[in-house]
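Let me begin by presenting the structure, written as structure tokens, before commenting on it.
Sequence positions, counted from 1, serve as the residue numbers for this chain. Order of appearance sets the numbers: ligands from 1, and atoms from 1 within every ligand.
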Amino acid sequence: MGSSTATQSSSSYDLSFKILLIGDSGVGKSSLLLSFISNAVDDITPTIGVDFKIKTLTVGGKRLKLTIWDTAGQEKFRTLTSSYFRGAQGIILVYDVTRRDTFTNLSDVWAKEVELYCTNEDCVKMLVGNKVDRESERAVSREEGVALAKELGSLFLECSAKTRANVEQCFEELTLKVGAVFSLLTVEFNRDVTFNVRLFIDLLNGQLN
Ligand SMILES: Nc1nc2c(ncn2[C@@H]2O[C@H](COP(=O)(O)OP(=O)(O)OP(=O)(O)O)[C@@H](O)[C@H]2O)c(=O)[nH]1
Ligand SMILES: [Mg+2]
């Protein structure tokens, strides 16, 4: 539990954000993270408790450190994983487009967890429908995903951890929005970095439009 794999850590960054992955067991949270971090999805076993990985992204010449927390979807870990919501600036809610129950559980279970345990009112949410490579087995339409995202006030993307379709976009779009929302309130600045926040916001907004 809680093993830490700093695949691309760096001591020098301008902003640091905490991102959380949640959703039912088997929807592909760990696969998405692995696909994003290491471009490969090996055989993956269910997550025990919580794991995290660190990724550094450069946006507009600024280095952003993302600490991405990968929680276990299994119900027996629910009490433990809920304690990791605290302070998250971004939350990725994942469902499997081939399993309708994982989609309905996002409203019935996971969105409620977010409301209860997420301490950041401005937390940016991203709804992700994973496993679009299995199109013939699709049980949730894209339109339904869009509608739920609207209801939750979240961003939305469909992707595949297996083919890596939209995987980078998923983390990058969320990061851009988190950057735009949170860099004003900020967070962790490197002491030796003089940083024009206004310029950064304009830049992020430009990239989001
Ligand atoms: N076809 C397909 N299979 C996927 C995809 N993403 C994940 N899988 C498979 O789905 C299974 C579950 O993936 P995990 O990443 O372990 O799911 P998880 O959400 O982390 O599950 P927990 O850790 O138990 O919460 C694994 O066998 C993956 O190989 C995908 O995009 N396409
Ligand atoms: Mg997992």
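- At a cut-off of 3.5 Å, with distance as the only test, a side-chain donor of S30 or D70 sits close to an acceptor on the other residue.
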Side chain to side chain contact (heavy atoms under 4.5 Å, CB included) for M126 and V124? Distances and angles first, verdict last. CA-CA 7 Å; M126 160 78 88; V124 179; over 6 Å; no
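- Below 4.0 Å from some heavy atom of D24 lie the following atoms of ligand 1, by number and element: 19 (O).
- Close approach of ligand 1 to P46 is summarised as follows: ligand atoms under 4.0 Å from at least one heavy atom of the residue are 23 (O), 24 (O).
- Counting the atoms of ligand 1 from 1 in the order shown, those under 4.0 Å from a heavy atom of S31 are 6 (N), 7 (C), 13 (O), 14 (P), 15 (O), 28 (C).
- Considering every non-hydrogen atom in both N166 and C159, the closest pair reads CB-CB, 3.5 Å.
- Here the OH-CG distance, from Y95 to L127, works out to 5.0 Å after rounding to the nearest 0.5 Å.
- Shown here is E144, whose CD atom has more than 12 heavy atoms of other residues, nucleotides or ligands within 6.0 Å.
- For the pair A72 and ligand 1, the shortest N or O to N or O distance does not fall below 3.5 Å.
- Near G26, with a cut-off below 4.0 Å to any heavy atom, the atoms of ligand 1 are 10 (O), 12 (C), 17 (O), 18 (P), 19 (O), 21 (O), 22 (P), 24 (O).
- Considering backbone and side-chain N/O of A161, one or more are found under 3.5 Å from N/O of ligand 1.
- When only interatomic distances are considered, the shortest N/O to N/O separation between K162 and ligand 1 falls below 3.5 Å.
- For ligand 1, the polar-atom distance check against I44 finds no nitrogen or oxygen pair separated by under 3.5 Å.
- Scored by the side-chain contact (heavy atoms from CB on, under 4.5 Å) test, T67 finds F52, I54, K65, W69 as partners (sequence neighbours excluded).
- Where the criterion is an N or O separation shorter than 3.5 Å, residue side chain and backbone included, D133 meets it with respect to ligand 1.
- Protein heavy atoms are found inside the 4.0 Å sphere centred on atom 16 (O) of ligand 1.
- Residue G28 places at least one N or O, backbone or side chain, under 3.5 Å from an N or O of ligand 1.
- Between N130 and V27 there is no side-chain heavy-atom pair separated by less than 4.5 Å.
- Under 2.8 Å from the Mg ion (ligand 2) lies an N/O/S atom of S30, whether from backbone or side chain.
- Among the backbone and side-chain atoms of S31, none of the N, O or S atoms lies under 2.8 Å from the Mg ion (ligand 2).
- At a distance under 4.0 Å, no protein heavy atom can be found next to atom 26 (C) of ligand 1.
- Per-residue contacts place S160 under 4.0 angstrom from the following atoms of ligand 1 (heavy atoms of the residue considered): 31 (O).
- In plain terms, the two heavy atoms of W110 and G73 that are nearest each other are CZ2-O, 4.0 Å.
- Closest approach of A161 to L32, counting heavy atoms only: CB-N, 3.7 Å.
- Polar contact with ligand 1: present for T47 (N/O pair, distance under 3.5 Å).
- Figure legend: cation-pi geometry between K55 and F171 absent, as NZ or CZ is not positioned both under 6.0 Å from the six-membered ring centre and within 45° of its axis.
- Taking CG of N105 as the reference point, atom CG of D96 lies at 12.0 Å (rounded to 0.5 Å).
- Heavy-atom proximity to G73, at under 4.0 Å, picks out these atoms of ligand 1: 22 (P), 25 (O).
- What sits closest to atom 6 (N) of ligand 1 on the protein, heavy atoms only, is N130 ND2, 3.2 Å.
- One distance of note links OG1 of T81 with CD of Q74; it measures 11.0 Å at 0.5 Å rounding.
- Looking only at protein heavy atoms, the nearest one to atom 24 (O) of ligand 1 is S25 OG, 2.6 Å.
- Compare K29, K131, R164, E137 by their heavy atoms: the one nearest to atom 4 (C) of ligand 1 is in K131.
- Note that the CZ atom of R99 and the OG1 atom of T104 stand 10.0 Å from one another [nearest 0.5 Å].
- Below 4.0 Å from some heavy atom of V27 lie the following atoms of ligand 1, by number and element: 17 (O), 19 (O).
- Shown in contact with R134 at under 4.0 Å from a heavy atom are these atoms of ligand 1, numbered in order with element: 1 (N).
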